[in-house]
J.: 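Here it is, the structure, as structure tokens.
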Amino acid sequence: MSRRRLATLLALVLLVAACAPARSGSLGPAPTAAAPAVPAPTSVGPSATVASPPTVTPAPTTPRTGTTGVARPATLTLELWYVRDGRLVPTRRTRPATVATSRLALAELAAGPTRPEADAGLVTLLPDGAEVSRIADGVASVRLAAVADPVTARLREAQVVYTLTQFPTVRQVDFGTAAPTGRADHVDLLPPIVVTGPAIGDRVTSPVTVTGSADVFEATVTVRVLDAAGRQVATAFTTATCGTGCRGTYRVAVRYRLPTEQAGTIEVYEVSAVDGSRTKVVAVPVTLAAAARS
């Protein structure tokens, strides 16, 4: 090959190499601003789960008391002690919650019984305007207007004592006329059998739980359920924690059957040791929910 032809071939090879893209080296001038990062797509297999952003749902608003964050119930159930035949009888009220529980209790006590309670013989001896002036060291101070009859005065005070001492902050009541008194000072004003539940006018279901206290022969308490016609539809008995000269508590569940809802009565009594008759009867009118055979 001639030198001229070789030189021409060499020049042609160099020209082709210069035109080919370079594999390394400078990529040109750097960009003047950084481009936003774009996340690379993620491959998700058939068994994978893509988590969605969490949905924040506002929590339901709960009434609170003070700044401690302690939830306050919307309602408050009070135990009120009225009078029937010269003895104390408990019943209940459910009212909107308040921090002034003692004031509310005395106001409800003075307001008197409901129509069903009045029909069952309950009355109140507490006058309007009775209020707790202070509570300190477990003693509530209450001032009542004077009354001439000492029996009425003592029953009225007993209503206040038993109603206020349901609260854990009150153990005794000071009426300003003698030493503070508590429940033990008025226990003789309770009937032989007290029914704390159900209350007059309650709607009950089967089995109905009957609770209270009693001072009866051999501590035996008997309960029966009567339908709207006065027919016995169920009965049961239990023993109080004390009896025959001392007062004990009792609790018994009574199962009944009724095809339709109707008015009824829960009777709690002592069976006479002499002739087997019902004595010391306490009748609580209620509404009996229908209950089929179990």
Side-chain angles (χ1 to χ4, degrees), residues 76-95 97-114 117-118 120-200 211-216 240-242 245-250 268 280 282 284:
L76 173 70
T77 298
L78 300 168
E79 185 177 81
L80 305 179
W81 289 78
Y82 289 118
V83 175
R84 178 171 57 198
D85 300 328
R87 299 297 182 97
L88 297 174
V89 178
T91 188
R92 290 194 296 265
R93 294 282 185 280
T94 299
R95 295 290 182 261
T98 175
V99 294
T101 53
S102 60
R103 178 178 299 177
L104 174 62
L106 291 189
E108 291 290 336
L109 197 61
T114 63
E117 292 166 349
L122 274 61
V123 298
T124 185
L125 303 179
L126 190 70
D128 292 331
E131 287 189 1
V132 177
S133 59
R134 68 191 295 263
I135 298 175
D137 299 325
V139 178
S141 297
V142 178
R143 297 296 178 265
L144 298 177
V147 60
D149 181 14
V151 174
T152 299
R154 188 161 181 263
L155 275 169
R156 187 172 64 176
E157 291 181 358
Q159 282 188 259
V160 173
V161 167
Y162 269 81
T163 297
L164 291 185
T165 53
Q166 71 184 287
F167 305 121
T169 56
V170 180
R171 298 188 305 274
Q172 293 179 309
V173 179
D174 180 6
F175 295 99
T177 57
T181 60
R183 290 196 174 195
D185 300 298
H186 302 276
V187 71
D188 60 301
L189 295 177
L190 296 175
I193 297 176
V194 172
V195 180
T196 55
I200 294 171
T211 60
S213 67
D215 179 357
V216 292
T241 55
C242 191
C246 62
R247 181 169 294 272
T249 59
Y250 66 86
V268 186
K280 304 172 183 175
V282 178
V284 182

J.: With heavy-atom distances below 4.5 Å as the criterion, would you say the side chains of Val194 and Trp81 are in contact?
T.: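 Val194 vs Trp81: side chains touch.
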J.: Please collect all side-chain hydrogen bond (donor to acceptor under 3.5 Å, both in side chains) contacts where either partner lies in residues 144-161, sequence neighbours excluded, each pair once.
T.: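 Only Thr124-Gln159, Asp149-Thr152, Arg154-Asp188 qualify under side-chain hydrogen bond (donor to acceptor under 3.5 Å, both in side chains).
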J.: Is it true that the side chains of Arg92 and Thr77 contain a donor and an acceptor less than 3.5 Å apart?
T.: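 Result is no, nothing qualifies.
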J.: Quick check against the 3.5 Å criterion: does Gln166 have a side-chain atom that pairs as donor or acceptor with the backbone of Thr163?
T.: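 At least one qualifying donor-acceptor pair exists.
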J.: Could you tell me if the side chain of Phe175 sits less than 4.5 Å from the side chain of Val160, heavy atoms only?
T.: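 With C-beta onward as the side chain, the pair touches.
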J.: Would you name the heavy atoms of Ala120 and Ile200 that are closest together and state the gap between them?
T.: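 Minimum heavy-atom contact is CB-CD1, 3.7 Å.
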J.: For the atom pair OG1 (Thr114) and CG (Leu122), what is the distance rounded to the nearest 0.5 Å?
T.: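 Those atoms lie 8.0 Å apart.
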J.: Taking all atoms of both residues into account, what is the closest heavy-atom pair of Pro113 and Ala118, and its distance?
T.: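 Closest pair (atom of Pro113, atom of Ala118, distance): CB-N, 3.9 Å.
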J.: Atom CZ in Arg87, atom CG in Leu190: separation rounded to 0.5 Å?
T.: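 Answer rounded to 0.5 Å: 8.0 Å.
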J.: Grab the two heavy atoms, one from Ala140 and one from Val170, that are nearest each other, plus how far apart they are.
T.: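 Heavy-atom minimum between the residues: CB-CG1, 4.0 Å.
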J.: On a heavy-atom basis, which atom in Phe167 and which in Ser102 lie closest, and how many Å separate them?
T.: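 Heavy atoms of Phe167 and Ser102 come nearest at CE1-CA, 4.0 Å.
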J.: Surrounding CZ of Arg143 (heavy atoms of other residues, nucleotides or ligands, distance under 6.0 Å), is the total greater than 12?
T.: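 Atom CZ in Arg143 is crowded, with more than 12 foreign heavy atoms closer than 6.0 Å.
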J.: To check you understand the geometry: which heavy-atom pair defines the closest contact between Ser213 and Arg247, and what is its length?
T.: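 Residues Ser213 and Arg247, closest heavy atoms: OG-NH1, 3.1 Å.
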J.: Could you give the distance from CD (Glu131) to OG (Ser141), rounded to the nearest 0.5 Å?
T.: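 Interatomic distance, Glu131 CD to Ser141 OG, rounded to 0.5 Å: 13.0 Å.
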J.: At their closest point, which heavy atom of Glu117 faces which heavy atom of Tyr82, and how far apart are they?
T.: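 That would be OE1-CE1, 4.0 Å.
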J.: Would you compute the distance between atom CG of Asp128 and atom CG of Leu106 and round it to the nearest 0.5 angstrom?
T.: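 Between Asp128 CG and Leu106 CG, I get 11.5 Å after rounding to 0.5 Å.
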J.: Any chance you could measure Asp185, atom CG, to Gln172, atom CD, to the nearest 0.5 Å?
T.: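 Here the rounded value is 7.0 Å.
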J.: Is the closest side-chain heavy-atom distance between Thr101 and Leu76 below 4.5 Å?
T.: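 With C-beta onward as the side chain, the pair touches.
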J.: Test side-chain contact (heavy atoms from CB on, under 4.5 Å) on Glu108 and Thr91; report intermediate values, then the result.
T.: CA-CA 11 Å; Glu108 291 290 336; Thr91 188; over 6 Å; no
J.: Taking Tyr250 as the fixed residue, which of Val195, Thr196, Val216, Thr241 is the one that meets the side chain to side chain contact (heavy atoms under 4.5 Å, CB included) rule?
T.: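 Exactly one option meets the side chain to side chain contact (heavy atoms under 4.5 Å, CB included) with Tyr250, and it is Val195.
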J.: Measuring from Leu125:CG to Leu155:CG, what's the distance to the nearest 0.5 Å?
T.: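 If we round to the nearest 0.5 Å, Leu125:CG and Leu155:CG are 6.0 Å apart.
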J.: Check whether any side-chain heavy atom of Val173 sits under 4.5 Å from a side-chain heavy atom of Val132, and report yes or no.
T.: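 No, side chains not in contact.
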